[in-house]
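Here is the structure we will look at, set down as structure tokens.
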Amino acid sequence: MSKSRVLSGMRPTGRLHLGHLFGALDNWRLLQEAYECFFFVADWHALTTEYAETKGIRENIREMVLDMLATGIDPSKAPLFLQSRLHEHAELYLLLSMITPVPWLERNPTYKEQQQELTTKDLSTYGFLGYPVLMASDILLYKAEYVPVGIDQVPHLELTREIARRFNHLYSEVFVIPEALLTEFPKVPGTDGRKMSKSYGNAVYLTDSSEQVTAKIRPMVTDPARVRRSDPGNPDVCPVFDLHKIFTPKVERDTIIDPGCRTAGIGCLDCKGVLLQHMLPILRPIYDRRQELATRPEIAQEVLEDGYSKAKKVASETLSEVKAAMGM
Ligand code: TRP
Ligand code: SF4
């Protein structure tokens with residue numbers, strides 16, 4: 001029996017941080033062992049919000065591919081390709097747009113939310129409204145059964161399923177109806193306690209050295225009620241503790257950190273020291289591989305070209321089926 005197919009993509013927003021690592025890439029790395037995976041860089045999707053500022057996009061793509069390789073994404077197991085290299089994505093996007101009712105897109109909760117949140121950008125564009133149709137074409141072209149995504153992407157996946165069903169009903173059963181693979185992501189706070197994000201300036205990057213990581217963790221926000229060393233703290237509201245949940249073994253967390261914090265037995269600096277003891281050895285190998293990859297950045301291009309050939313076979317075949325089904 002052939003393996004189930006998995007597909008996922010990421011927008012090239014620049015250097016990757018711990019949010020990407022624990023929110024997606026660690027999961028991709030495991031999936032590539034058990035499934036037939038396709039991973040890609042969604043550069044056209046980046047344009048839906050960054051269309052006015054495109055200068056950095058090539059650089060962002062290269063950095064992101066090198067970061068992905070450093071985390072253990074293995075292109076010999078899972079092709080890694082660039083969306084805009086395959087005109088099939090654009091062509092299917094056009095065809096699907098013919099059968100997608102505009103109210104389906106306007107109803108999408110992410111659409112309204114993002115328009116309200118990203119107020120510095122004019123997101124009244126046709127392309128931004130059509131974001132989920134492009135995403136549907138990414139997924140349906142590969143007949144992916146599973147799509148690992150974060151909870152924020154679930155409405156998009158629901159739309160993909162509806163578009164696929166509508167196509168299958170109107171023409172013939174070409175598309176596989178994909179399912180979201182919702183993995184339990186740990187909460188990854190940034191150094192200011194908010195969600196880790198490039199735009200908040202609170203991120204720890206995969207390209208940060210041990211010294212840089214240490215310099216970011218030391219002044220990190222803790223339980224705000226713990227002002228003096230003698231005040232007991234509450235790990236449940238402390239973002240440093242959220243990082244302990246990712247990096248520190250449970251036994252140590254439960255028997256030393258948690259009670260130590262609640263009784264003021266340990267200070268916040270000691271607590272961060274313990275965190276760093278666990279964090280640095282996990283991040284170091286990724287950093288080292290990343291540094292090594294930086295000496296031969298052309299590898300990013302090579303990987304994407306190889307991924308292109310493998311993706312092309314599948315995508316072009318599906319597109320032919322689509323056109324035949326539509327009588328085009
Ligand atoms: N929209 C996704 C995100 O921002 C990226 C993406 C584009 C994607 N196309 C996809 C994810 C197809 C999974 C499948 O995270
Ligand atoms: Fe947070 Fe650790 Fe300080 Fe407790 S001791 S408040 S868990 S940093």
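Residue indices begin at 1 and follow the sequence shown. Each ligand, and each atom within it, is numbered from 1 in the order the structure gives.
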Salt-bridge criterion met for Asp43 and Arg58 (N-O under 4.0 Å) | no
Counting from 1, what ligand 1 atoms have a heavy atom of Ala42 closer than 4.0 Å?
-> 7 (C)
Minimum side-chain heavy-atom gap Thr318-Glu88 below 4.5 Å | no
Which of the atoms in ligand 1, numbered in the order shown and given with their element, are less than 4.0 Å from a heavy-atom of His45?
-> 7 (C), 9 (N)
With atom 4 (Fe) of ligand 2 as the centre, enumerate protein N/O/S atoms below 2.8 Å in chain and residue order.
-> Cys261 SG
Arg11 neighbourhood, listing ligand 1 atoms whose heavy-atom distance to it stays under 4.0 Å | 4 (O)
Contact region, Ile139 to ligand 1, non-hydrogen atoms below 4.0 Å, reads side chain
Just wondering, more than 12 heavy atoms not from Glu317 lying within 6.0 Å of its CD?
-> no
Among Phe39, Phe40, Tyr131, Tyr142, which residue places a heavy atom closest to atom 10 (C) of ligand 1?
-> Phe40
Mode of Val147 contact toward ligand 1 - side chain, backbone, both, neither (heavy atoms, under 4.0 Å) = side chain
List the atom of Glu36, the atom of Lys3, and the distance in Å for their closest heavy-atom pair.
-> N-CB, 3.8 Å
Less than 4.0 Å between a side-chain N and a carboxylate O, is that true for Asp67 and Arg290?
-> yes
At under 4.0 Å between heavy atoms, which part of Gln153 makes contact with ligand 1: side chain, backbone, both or neither?
-> side chain
Is any NZ, NE, NH1 or NH2 atom of the basic residue among Glu50 and Arg11 found under 4.0 Å from an Asp or Glu carboxylate oxygen of the other?
-> no
Heavy atoms only: give me the nearest Val174-Lys143 pair and the separation to one decimal.
-> O-CE, 3.4 Å
Over 12 foreign heavy atoms within 6.0 Å of NZ, Lys195 = no
For atom 6 (C) of ligand 1, find the nearest protein heavy atom and state the residue, atom name and distance (0.1 Å precision).
-> Gly9 O, 3.9 Å
With a cut-off of 4.0 Å, which atoms of ligand 1 are near a heavy atom of Ser8?
-> 13 (C)
Is it the case that more than 12 heavy atoms not belonging to Lys187 sit under 6.0 Å from its NZ atom?
-> no
Starting from atom 9 (N) of ligand 1, which protein heavy atom do you reach first, and at what distance in Å?
-> Asp138 OD2, 2.7 Å
Under 3.5 Å, is there a donor-acceptor pair linking the side chains of Asp74 and Gln32?
-> no
For atom CD of Gln291, decide whether the heavy atoms of other residues, nucleotides or ligands shown that lie under 6.0 angstrom number more than 12.
-> yes
